[in-house]
Enquirer: 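Please read through the structure below; I'll follow up with questions.
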Amino acid sequence: MIEGETIHLRIIEQSDLETIRTWYNNPNLRGTDGILLPLTVPQMEKKYKDWSKQSHEVRILIEKKDRSKLLGMIVIYTRYGGIDLLIPDNNEESKKAVMETIDLALSYLLMEFDAKNSVSIWIASWNTWLIDIVKEYGMKPAGRERRVGMRAGKYYDNVVFDILKEEYLKKKRHK
Amino acid sequence: MLEGKRVFLRAIERDDLPKVREWYNDYVMRGVWTGGYNPISAERFEQERFMDTTDDKKRRLSIVLKKTGELIGSVSYQTGDFNSAEIGIVIGEKKFRRGGYGTEAIQLLLKICFLEENFHKLSLWTGGWNISAQKLAESLGFKLAVRIRKGFMRDGEWHDALFYDMLREEYLERYGDD
């Protein structure tokens with residue numbers, strides 16, 4: 001478990017799967033994590049088993065510290081130093097949780113692993129809510145992967161941001 | 001089998017493995033396959049790099065010289081989300097590098113990916129230190145889409161990680177559908 005101020009990041013248990021399945025099956029989040037069609041219970045369970053086999057990809061739940069609510073999920077790619085976020089609610093509580101989660105993930109990747117000098121995040125261009133948070137956090141634009149999916153007949157891209165270890169440390173010192 | 005002027009692409013055979021492993025384990029080639037130096041045993045190589053050819057999402061093909069039948073490298077593609085794929089190439093035999101063989105092999109691979117597999121987009125990764133790979137990608141029509149700063153370490157220095165992509169319509173405009 002990774003402890004923050006108002007949230008903690010914890011491993012996924014079998015009992016969390018139904019909540020995660022409702023996030024994936026939310027039409028507003030369609031395309032997140034490459035999932036285009038609603039998942040059945042057995043499909044969700046298979047995904048869970050597959051996740052546990054990944055050695056360079058860790059999926060962690062974002063939970064309020066008092067354990068009253070699950071706020072989303074972060075994927076940490078330890079091999080190339082990347083993160084992905086799945087956040088079901090776009091509200092102020094989630095925004096604070098995302099800021100804290102990014103901070104914890106960067107600390108983990110840059111200060112514990114120490115094998116990485118930068119961390120990137122790839123966000124679907126329709127997810128302007130998350131893009132704005134990542135910009136506010138201080139990550140810098142790194143490019144745009146074209147046509148990663150389609151919504152209502154129109155292609156969308158992945159917008160990519162990165163942050164260097166020195167930028168993260170500078171941010172920490174200012175704090 | 002798909003033939004070009006000087007090379008053809010064919011399935012990887014068991015007899016190819018010792019040579020491909022030799023390239024894989026060559027320190028100079030580090031980073032081309034995995035982003036680091038990870039020498040691999042013959043047994044593990046067979047399991048990971050040969051038996052994974054049964055995986056529907058991954059395809060690896062050998063690049064063979066038409067004139068002599070010599071194995072000179074390999075290309076690969078891995079299906080990703082939304083009808084796209086990521087490609088890779090290695091010209092393992094040093095004497096055949098910078099001779100245009102890589103260009104020819106990738107052109108054959110593009111043909112398979114866009115005109116047979118019908119992918120709508122292809123992408124590839126390379127490191128900032130690998131100028132020849134960047135030139136190759138750009139000369140073939142790939143566009144630099146993403147630059148992750150200091151994404152790879154090589155020889156004690158951090159280099160950017162570069163991500164290129166090409167859309168199917170860009171391929172058709174450049175190469176046609178023949």
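Remember, predicted model here, so these are calculated numbers, not experimental data. Below, chains carry the letters A, B, ... as their sequence lines are ordered, and counting in each starts from 1. Side chains included, hydrogens not; waters and symmetry mates left out as well; all remaining heavy atoms used.
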Enquirer: Is it the case that atom NZ in B:Lys135 sees more than 12 heavy atoms from other parts of the structure closer than 6.0 Å?
Expert: no
Enquirer: Tell me, yes or no, whether the heavy-atom count around B:Arg98 atom CZ, taken from other residues, nucleotides or ligands under 6.0 Å, exceeds 12.
Expert: no
Enquirer: What's the separation between atom NZ in A:Lys116 and atom CZ in B:Phe152, rounded to the nearest 0.5 Å?
Expert: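 So the NZ of A:Lys116 and the CZ of B:Phe152 are separated by 8.0 Å.
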Enquirer: For atom NZ of B:Lys19, is the number of surrounding heavy atoms from other residues, nucleotides or ligands below 6.0 Å larger than 12?
Expert: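 Counting neighbours around NZ of B:Lys19, more than 12 heavy atoms of other residues, nucleotides or ligands fall under 6.0 Å, so yes.
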Enquirer: Taking atom CD of A:Glu3 as the centre, report whether more than 12 heavy atoms of other residues, nucleotides or ligands fall under 6.0 Å from it.
Expert: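 More than 12 heavy atoms, drawn from other residues, nucleotides or ligands, come within 6.0 Å of this atom.
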Enquirer: Is it true that A:Ile76 and A:Leu164 fall in one hydrophobic cluster, defined by side-chain heavy atoms closer than 4.5 Å?
Expert: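 No, no single cluster joins them.
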Enquirer: Could you check B:Asn83, B:Asp165, B:Leu167 and say which one makes a side-chain contact (heavy atoms from CB on, under 4.5 Å) with A:Arg147?
Expert: B:Leu167
Enquirer: Tell me if the NZ atom of A:Lys172 is crowded by more than 12 foreign heavy atoms within 6.0 Å.
Expert: yes
Enquirer: Do you know which two heavy atoms are closest between A:Asp162 and B:Arg147, and how far apart they sit?
Expert: OD2-O, 3.8 Å
Enquirer: Please step through side chain to side chain contact (heavy atoms under 4.5 Å, CB included) for the pair A:Tyr155 and B:Lys121, ending with a clear verdict.
Expert: CA-CA 12 Å; A:Tyr155 289 111; B:Lys121 189 186 69 178; over 6 Å; no
Enquirer: Can you give me the closest heavy-atom contact between A:Val148 and B:Phe82, atom names plus distance?
Expert: O-CB, 3.3 Å
Enquirer: Once you round to the nearest 0.5 Å, how far does CZ of B:Arg149 lie from NZ of A:Lys165?
Expert: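 NZ of A:Lys165 is found 15.0 Å from CZ of B:Arg149.
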Enquirer: More than 12 foreign heavy atoms under 6.0 Å from CG of B:Asp177: is that the case here?
Expert: no
Enquirer: Could you tell me which portion of A:Val160 (side chain, backbone, both or neither) has an atom closer than 4.5 angstrom to a non-hydrogen atom of chain B?
Expert: side chain
Enquirer: With a 4.5 Å cut-off on side-chain heavy-atom distances among I, L, V, M, F, W and Y, is there a chain of contacts connecting A:Tyr137 to A:Leu104?
Expert: yes
Enquirer: Pick from B:Asp81, B:Leu144, B:Ile148: which one has the most heavy-atom pairs with chain A under 4.5 Å?
Expert: B:Ile148
Enquirer: Spell out, as yes or no, whether a donor-acceptor pair under 3.5 Å connects the side chain of A:Asn117 to the backbone of B:Trp158.
Expert: no
Enquirer: With a 4.5 Å cut-off on side-chain heavy atoms, are A:Arg146 and B:Glu170 touching?
Expert: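 Yes - at least one pair of side-chain heavy atoms lies under 4.5 Å apart.
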Enquirer: Do the charged groups of A:Glu167 and B:Lys150 touch, with an N to O distance under 4.0 Å?
Expert: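 The answer is no: the pair does not qualify as a salt bridge.
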